[in-house]
Structure formats: C-alpha cells, structure tokens
Peer 1: 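The structure that follows is given in the form of structure tokens.
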Amino acid sequence: MLLSYRNIDTGHILETLVFLELKRRKYEIYTGKLGDLEIDFIEKTQRAIIYIQVAESVKNSGTLERELKPFKKLKDSYPCVLISMDKTINEDFNGVRHVNALDFLTGAGLS
C-alpha cells in the first residue's frame, strides 16, 4: 500500500482473512467443488456444517448470482452464508444468509 500498488486483489485478501478467522476459531475447514463450481469454505463442527462464500461486494447482480450459484446445487439443507464487505445488504437470499465481513471478523458467529 505504501508503494501505491493499485492492482491488489482485495477479494482474495478478504477470503484469506475469513479463512484465518475460521482457523482461529478452531473449525475444520474444507473447500467444496460441484462440477466447475466452487464453494470457498465448508466449516465443519461436531454439530453442524456451514457452507461459506466470500466476496468483496455482491452489489453487482452478476457477482451476486455467481456467488449464490454453488449453493443452489447443494442437495442437503445445511446453512449457507455469504460474507462480503457490503454494509447495506443485510438480508437473506433465498435462504442464504448475508454477513458483513467486518461483523464476522469482530466476533459475529455463522450459526
């Protein structure tokens, strides 16, 4: 940042921060693959599984659709969570819960 490097992939950095926070909380973490679709993280505890997608922003309808698409292919009923930096979007998307990344990183749970 000090060198004014402008091509930083903040979405990838956010994904790494979420991964590290999940590890800090001592969850088992996996990635998921459904054909050519990917689920960023599968959080596993003794009691439950939670599917997690991470995006810098989902205000763009194309990005939102891309992030939700893997969830639509799931055949079980475990919770699905979309984490983004968006503050104004605090709603569910057909059962997928949206969580603001800063809220998540400062202590909000996923379950």
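These numbers were taken from a predicted model, which means no experiment stands behind them. Count residues from 1 along the sequence.
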Peer 1: Taking the six-membered ring of Phe104, is the NZ or CZ of Arg25 close enough (under 6.0 Å from the centre) and on axis enough (within 45°)?
Peer 2: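 Arg25 over Phe104 ring: yes.
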Peer 1: Work out which heavy atom in Gly32 is nearest to a heavy atom in Ile42; give both atom names and the distance.
Peer 2: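 Smallest heavy-atom distance, with atoms named: CA-CD1, 3.8 Å.
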Peer 1: Return the OG1 to CG distance between Thr63 and Asp86, rounded to the nearest 0.5 Å.
Peer 2: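 Answer for the OG1-CG pair, Thr63 versus Asp86, is 9.5 Å.
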Peer 1: Are the side chains of Glu28 and Ile49 in touch, meaning some heavy atoms are under 4.5 Å apart?
Peer 2: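 They are not in side-chain contact.
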Peer 1: Nearest 0.5 Å, what's the CD-CD1 distance between Glu56 and Ile13?
Peer 2: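 Here the rounded value is 9.0 Å.
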Peer 1: Given Lys23 and Phe19, is the side-chain contact (heavy atoms from CB on, under 4.5 Å) satisfied, shown in steps?
Peer 2: CA-CA 6 Å; Lys23 290 297 278 183; Phe19 171 79; 3.7 Å; yes
Peer 1: For the residue pair His98 and Phe93, does the interplanar ring angle fall in the parallel (under 30°), tilted (30 to 60°) or perpendicular (over 60°) class?
Peer 2: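 Perpendicular.
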Peer 1: Which distance, rounded to the nearest 0.5 Å, do you find between the OH of Tyr78 and the OH of Tyr51?
Peer 2: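 Output value for this atom pair is 7.0 Å.
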Peer 1: For the backbone of His12 and the side chain of Thr16, can you confirm whether one donor and one acceptor N or O come within less than 3.5 Å of each other?
Peer 2: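 Side chain of Thr16 to backbone of His12, a donor-acceptor pair under 3.5 Å: yes, one is there.
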Peer 1: Working to the nearest 0.5 angstrom, can you tell me the gap between Cys80 SG and Ile39 CD1?
Peer 2: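 So the SG of Cys80 and the CD1 of Ile39 are separated by 6.5 Å.
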Peer 1: Tell me the closest heavy-atom pair linking Val54 and Glu67, and the distance in Å.
Peer 2: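 What the structure gives for the nearest pair is O-OE1, 3.8 Å.
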Peer 1: First locate atom CG of Leu102, then atom CD1 of Ile83, and finally report the distance between them rounded to the nearest 0.5 Å.
Peer 2: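 One gets 11.0 Å once the value is rounded to the nearest 0.5 Å.
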Peer 1: Would you indicate whether the side-chain heavy atoms of Thr45 and Tyr27 approach each other to under 4.5 Å?
Peer 2: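 Answer yes - side chains close enough.
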Peer 1: Taking all non-hydrogen atoms of both residues, which atom of Phe41 and which atom of Val18 are closest, and how far apart?
Peer 2: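 Shortest heavy-atom contact: CE1-CG1, 4.0 Å.
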Peer 1: May I ask you to decide if Asp40's main-chain N or O and Gln53's side chain share a donor-acceptor pair within less than 3.5 Å?
Peer 2: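 Side chain of Gln53 to backbone of Asp40: a pair is present.
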Peer 1: Can you see which heavy atom on Ala101 is nearest to which on Leu14, and at what distance?
Peer 2: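 Taking every non-hydrogen atom into account, CB-CD1, 3.6 Å.
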Peer 1: Would you say Lys72 and Glu65 make side-chain contact, with heavy atoms under 4.5 Å?
Peer 2: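 Yes, their side chains come closer than 4.5 Å.
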Peer 1: Which heavy atom of Ile50 sits nearest a heavy atom of Val81, and at what distance?
Peer 2: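 Minimum heavy-atom separation between Ile50 and Val81: CG2-CG2, 3.8 Å.
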Peer 1: I want to check something: taking the side chain as every heavy atom from C-beta on, are Ile29 and Ile52 in contact at a cut-off of under 4.5 Å?
Peer 2: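 Not touching, per the 4.5 Å side-chain cut-off.
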Peer 1: For Pro70 and Leu37, which heavy atoms make the closest approach, and how far apart are they?
Peer 2: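 Scanning both residues, the minimum pair turns out to be CA-CD1, 4.0 Å.
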Peer 1: Please determine whether the number of non-hydrogen atoms from other residues, nucleotides or ligands lying under 6.0 Å from atom CG of Asn94 exceeds 12.
Peer 2: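 Check fails, neighbour count at 12 or below.
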Peer 1: NZ of Lys69 to CG of Leu34: how many Å apart, nearest 0.5 Å?
Peer 2: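 If we round to the nearest 0.5 Å, Lys69:NZ and Leu34:CG are 11.5 Å apart.
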Peer 1: Taking atom NZ of Lys26 as the centre, report whether more than 12 heavy atoms of other residues, nucleotides or ligands fall under 6.0 Å from it.
Peer 2: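 No, the 6.0 Å shell around NZ holds no more than 12 heavy atoms from other groups.
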